[in-house]
Protein chains: 2
Amino acid sequence: MTVLKDVSGGVALWRRIADAIRLDIVGGKLAEGDRLPTEAVLAERFSANRHTVRRALAVLAQDGVVGAEQGRGTFVRNARRLSYPIGKRTRFREGLKGQASSLTSVSLSNRLENATAAVAKALDIRSASKVVRLEGMSLADGVSISRSTTWLPYRRFPDFAERIARFASTTETFASYGIEDYARASTRISARHADVEETKLLGLAPGAILLVSEAVDVDAEGVPISYALSRFPAERMELVV
Amino acid sequence: MTVLKDVSGGVALWRRIADAIRLDIVGGKLAEGDRLPTEAVLAERFSANRHTVRRALAVLAQDGVVGAEQGRGTFVRNARRLSYPIGKRTRFREGLKGQASSLTSVSLSNRLENATAAVAKALDIRSASKVVRLEGMSLADGVSISRSTTWLPYRRFPDFAERIARFASTTETFASYGIEDYARASTRISARHADVEETKLLGLAPGAILLVSEAVDVDAEGVPISYALSRFPAERMELVV
DNA sequence: TCGATTTGTCTAATGTAATAGACAACTAAT
DNA sequence: ATTAGTTGTCTATTACATTAGACAAATCGA
């Protein structure tokens, strides 16, 4: 096996610096309008060259997070990050209400397939039994904030795709099946880099970090009704339990 | 501002491939003992050169996740990832019991400081009032799994550092102050790249992804008793709500 | 034993990442 | 108007990332 003298971890220094500065901003250490330390100071803080810092700042500037002004300094422009509350009664639209003026859900595709072991286990059905699979994404104020894959048991929700297209609301669609209330049974949270497809759809730079949530919702009797795998760009969203 | 023709996002291709394969493994698509697709097949799947794939596999091999055998193929070795349950009664040691044979908590340092705005808000105390700050990390089976910073109000817990060193348990230390029970008021979850210090302490490659949890615990009367900022390597841990 | 398949090693070429230094352009205060 | 401090641009060099091709070494079944 190749000996790895490598120590850079495959993530460029400018990228790590950009992440660190972004964190100071969304974390509240730097408020909107504040001036950042000068490029020279940042370079020393991160033990990097000024040019490397400049590249990090250029990326943040492109995202609208900071803005540089020649002769004056670099300033914080937009420190906003959405918070998505997770709890027993987790509702996507309700949770984000008030944080964005527009909230759009897009259905990308849907199809019938046989449940994989993981899906079958989550939905508590026999492996390889039929499930409806929905692919979707959502945008807040025109910026994409999530990419989700949802599985539902076909036996109970054979035409879920058609109905959700009509109602444009998960809650109402479930209601149309006679499910007046449902609850979150479990949420599993992890993080990873975005893959090529996610990168394109969500408008991210390759290598952006995603928060991944695997959620199982159950009806009033505790029977699983859906299994959803949602990916949120960590730079735009945080999850609040 | 520099025009960014860049499109790689600052994360090397081999790193993204390694992440993708690791995800297939911890996600259950590949079980322990399974043979991975050949290097040639993986190279085509990721639209990359075989050498690039080999580098990704080399990193995973170094982590003990896969192992290559000349002439035979590359096999999944260790698909384990710890799950840390988060809920109303979140207890670190209890939560991980049974998942690792040894669980060690290390106290790195402690000091008195004045609460920043964020800490004061979390603990519901006046800004700049005194707080105890603890730095620590923990290991499961000798592998570091978290790095945490905890703040407590000094007025109520002036000698918390000394006591937790004696009891080696958060629950027992709180009990020694007459707090028989406490609960999790809120948990905020985000993700980012590890910084230099975290990289060293946790034994990660620079650029590793961390799950970041900001947690506030309250006593039986709902009064905040601690604010903890914990960082978990995403490749070793997941959070379950 | 042979041949197909698979991982291991080597060389080479090209583009990106990071460092280094110098100077121009702009701002704000003296 | 001058000066110190800041961002913007340019050139150059070194190390890493990625691609490419060729062949060796080990495994397994026919």
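Labels below follow one simple rule: chain letters A, B, ... track the order of the sequence lines, proteins then strands, and each chain is numbered from 1.
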Taking CG from L57(A) and P from dA18(C), how many angstroms apart are they, rounded to a whole number? 14 Å
Roughly how far, to the nearest 0.5 Å, is OH of Y227(A) from OG of S186(A)? 8.5 Å
Say you draw a straight line from CE of M237(B) to CG of L210(B); how long is it, rounded to the nearest 0.5 Å? 11.5 Å
Nearest-nucleotide wise, let me know which of A48(A) and R72(A) is further upstream toward the 5' end of DNA chain C. A48(A)
Rounded to the nearest Å, what distance is computed from the CD atom of residue E39(A) to the C1' atom of nucleotide dT9(D)? 12 Å
Going from CG on L204(A) to CG on D195(A), what distance comes out if it is rounded to the nearest 0.5 angstrom? 10.5 Å
Whole-Å distance, R54(B) CZ to dA25(D) C1', equals 12 Å
Heavy atoms from C-beta onward define the side chain here; which of dA20(D), dA26(D), dT7(D) lies closest to that of Q70(A)? dT7(D)
Roughly how many Å is it from CG in N49(A) to P in dA18(C), rounded to a whole number? 10 Å
dA17(D), OP1 or OP2 - any side-chain N/O from R55(B) closer than 4.0 Å? yes
Whole-Å gap separating C1' (dA17(C)) and CZ (F46(A)): 17 Å
Winner on side-chain proximity to A68(B), out of dG8(C), dT7(D), dA18(C), is dG8(C)
Within the 4.0 Å heavy-atom criterion, would you say R15(B) contacts the bases, only the backbone, or no part of the nucleic acid? nothing
May I ask you to verify if any side-chain N or O of T52(B) is less than 4.0 angstrom from the OP1 or OP2 atom of dT19(D)? yes
Between atom CD in E44(A) and atom P in dT19(C), what is the gap in whole Å? 13 Å
Which nucleotide sits closest to the side chain of L13(B): dT18(D), dA17(C), dT7(D)? dT18(D)
Between atom CH2 in W14(A) and atom P in dT16(C), what is the gap in whole Å? 12 Å
How long is the line joining CZ of F75(B) and P of dC28(D), in whole Å? 8 Å
Quick check on dT5(C): is either OP1 or OP2 less than 4.0 Å from any side-chain nitrogen or oxygen of T38(B)? no
Quick check for you: among dT19(C), dC26(C), dT9(C), whose closest atom lies nearest to any side-chain atom of H51(B)? dT9(C)
Counting only side-chain N and O atoms of R50(B), is one of them less than 4.0 Å from OP1 or OP2 of dT7(C)? no
Please confirm whether the backbone N or O of V11(B) pairs with a side-chain atom of R15(A), one donor and one acceptor, at under 3.5 Å? no
Under 30°, 30 to 60°, or over 60°: which ring-plane class applies to F92(A) and Y84(A), parallel, tilted or perpendicular? perpendicular
